[in-house]
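Notes to accompany the following structure.
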Amino acid sequence: MELSHRQEQIINIVKDNGPITGENIADRLNLTRATLRPDLAILTMAGFLDARPRVGYFYTGKTGSELLSDQLKKLKVREHHSVPVVVNDKVSVYDAITTMFLEDVGTLFVVNESSLLVGVLSRKDLLRASMGNQDLSDIPVHIIMTRVPKIKICHKEDLLLDAANKLIENQIDALPVVIDREDGQEVVGRLTKTNVTKAFVDLVRDENV
Ligand code: ADP
């Protein structure tokens with residue numbers, strides 16, 4: 001993150017004098033508290049400064065990579081997942097392959113008639129099923145899918161980092177984002193390796209703005 005001259009000045013004042021009130025920082029710079037407010041907000045949000053009520057601002061002393069790591073740990077699945085693509089458990093492998101191509105995704109989630117999660121289909125699951133001589137229109141997906149309770153899931157409020165760890169530890173490409181219901185889990189999203197990569201790239205890009 002590129003700091004303005006004034007933001008650098010503020011950091012130096014707080015480094016030397018903190019904890020110090022916003023009023024005092026403003027006095028030292030011959031500015032009003034109101035003029036300073038946006039800069040203080042940016043520096044606090046970015047993690048350079050911390051503010052304690054009735055005490056004032058102090059310097060956190062965090063390095064660039066510590067600040068980036070703090071930001072990374074704040075990301076939630078909620079802001080980064082994609083829409084889910086689901087198929088019914090009665091559809092054929094042939095139809096699932098067609099859906100995968102048309103929707104341009106690598107993972108399909110399989111749901112039952114109550115729209116609850118029952119399985120996952122990956123590209124390789126479908127390829128494997130295509131290797132025999134059977135007619136793919138005759139094989140229902142529930143025969144070949146990975147099924148509950150083996151399925152790894154995540155929730156919207158989970159940390160993106162935790163979900164990313166699940167992808168890595170289980171060597172899978174996507175997690176269904178679910179809402180827990182009494183009778184099972186409703187699929188409301190799809191968290192993929194691409195989502196995680198994009199969040200990571202966006203974070204670094206924002207830092208450089
Ligand atoms: P591919 O098989 O195309 O490389 P994955 O690595 O995602 O794609 O899938 C590997 C295996 O793990 C497949 O058999 C798939 O059904 C299963 N799988 C995929 N996603 C999940 C998940 N969220 N939970 C459990 N198993 C999964």
Side-chain angles (χ1 to χ4, degrees), residues 65 68-206:
S65 62
L68 195 61
S69 151
D70 284 353
Q71 299 288 327
L72 199 61
K73 286 178 197 153
K74 281 188 204 148
L75 304 182
K76 297 277 178 86
V77 167
R78 179 184 303 284
E79 292 95 30
H80 299 280
H81 70 78
S82 302
V83 293
V85 178
V86 300
V87 293
N88 186 273
D89 56 352
K90 307 269 183 331
V91 304
S92 68
V93 169
Y94 183 90
D95 287 340
I97 293 173
T98 308
T99 304
M100 192 174 263
F101 270 95
L102 289 177
E103 300 284 348
D104 196 15
V105 292
T107 310
L108 298 173
F109 301 128
V110 186
V111 295
N112 63 15
E113 57 288 343
S114 311
S115 300
L116 297 176
L117 177 69
V118 290
V120 172
L121 290 166
S122 76
R123 281 176 279 222
K124 249 183 273 158
D125 292 333
L126 295 172
L127 270 179
R128 195 182 303 116
S130 312
M131 285 167 75
N133 284 327
Q134 290 147 297
D135 186 345
L136 299 182
S137 308
D138 289 341
I139 315 172
V141 288
H142 66 80
I143 306 281
I144 66 151
M145 69 190 189
T146 300
R147 56 190 65 242
V148 171
K150 274 198 188 159
I151 298 181
K152 309 293 173 198
I153 52 99
C154 65
H155 297 93
K156 285 192 179 191
E157 61 276 13
D158 289 349
L159 291 179
L160 193 67
L161 206 56
D162 290 339
N165 257 323
K166 274 192 195 174
L167 291 174
I168 291 168
E169 279 169 10
N170 296 287
Q171 301 185 14
I172 48 180
D173 293 346
L175 297 172
V177 185
V178 301
I179 291 178
D180 294 321
R181 286 219 232 131
E182 261 180 24
D183 45 351
Q185 290 171 323
E186 184 186 343
V187 183
V188 292
R190 174 171 56 97
L191 186 81
T192 67
K193 283 183 175 170
T194 308
N195 293 145
V196 176
T197 310
K198 185 167 183 307
F200 185 67
V201 169
D202 286 349
L203 193 66
V204 176
R205 193 174 287 148
D206 288 350

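Heads up: numbering here begins at 1 and tracks the sequence. Just follow the structure's listing: the first ligand is 1, and inside any ligand the first atom is 1.
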Counting non-hydrogen protein atoms only, what is the nearest one to [atom]? Give residue, atom name and distance.
{"atom": "atom 14 (O) of ligand 1", "answer": "D125 OD1, 2.7 Å"}
{"atom": "atom 27 (C) of ligand 1", "answer": "I172 CG2, 3.6 Å"}
{"atom": "atom 3 (O) of ligand 1", "answer": "K124 N, 3.1 Å"}

Side chains of [X] and [Y]: does their closest heavy-atom pair fall under 4.5 Å?
{"X": "L108", "Y": "E103", "answer": "no"}
{"X": "I144", "Y": "L121", "answer": "yes"}
{"X": "T107", "Y": "T192", "answer": "no"}

- prompt: With respect to atom 17 (C) of ligand 1, which of N170, T146, T192 exhibits the smallest heavy-atom separation?
  reply: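 Nearest option to atom 17 (C) of ligand 1, by heavy atoms: T146.
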message: Considering P176, P149, S122, A174 one by one, which has a heavy atom nearer to atom 2 (O) of ligand 1 than any of the others?
response: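 Selected option, by shortest heavy-atom distance: S122.
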Going by the atom numbers of ligand 1, which of them fall below 4.0 Å from some non-hydrogen atom of [X]?
{"X": "Q171", "result": "6 (O)"}
{"X": "K150", "result": "25 (C)"}
{"X": "R123", "result": "3 (O)"}

query: Is it true that atom CD of E79 has more than 12 heavy atoms of other residues, nucleotides or ligands lying nearer than 6.0 Å?
result: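 Atom CD in E79 is packed in, count exceeds 12.
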- prompt: Stepwise, does the side chain to side chain donor-acceptor pair (under 3.5 Å) test hold for N195 with S82?
  reply: CA-CA 7 Å; N195 293 145; S82 302; 3.0 Å; yes
